[in-house]
Amino acid sequence: MKRIRICSFLVLFTVLAAHAQVKVDAELRPRFEFRHGFQSLFPDNADPSAFVSQRTRLNAGYKNEYLNFYLSVQDIRVWEMSHN
């Protein structure tokens, strides 16, 4: 029974994809920041800050003559770096 469901799903997806456009892509963007008094004077007794932030995004789109669907899932994290 499980095989029949899987096969029917694959056939349905193939038929739909034959007359439509399916697009899947991903982005991975790391960014390093060093903060030490940008646009202001930095106090003498404060330590500078350095870290890496990362944005990961997964995009999927489906388009045919009746339907235009787009989904984007995003995750943002910060990697902390040790201070000396």
(request) Inspect the surroundings of CZ in F34 and state if more than 12 heavy atoms from other residues, nucleotides or ligands are less than 6.0 Å away. (result) yes
(message) Are L71 and L67 connected into the same hydrophobic cluster when the rule is that any two of I, L, V, M, F, W, Y join if their side-chain heavy atoms are below 4.5 Å apart?
(response) yes
(request) Please round to the nearest 0.5 Å and tell me the distance separating atom OH of Y70 and atom NZ of K23. (result) 7.5 Å
(message) So, taking the atom named CG in D75 and the one named OG1 in T56, what distance separates them when rounded to the nearest 0.5 Å?
(response) 5.5 Å
(message) To the nearest 0.5 Å, what is the distance between CG on N68 and OH on Y62?
(response) 10.5 Å
(message) Any non-hydrogen side-chain atom of Q54 less than 4.5 Å from a side-chain atom of W79?
(response) yes
(request) Not counting sequence neighbours, which residues clear side chain to side chain contact (heavy atoms under 4.5 Å, CB included) with E27? List them please. (result) R29, R55, R57, N59
(request) Could you tell me which residues satisfy salt bridge (Lys or Arg N to Asp or Glu O under 4.0 Å) with D25, sequence neighbours excluded, listed by chain and number? (result) none
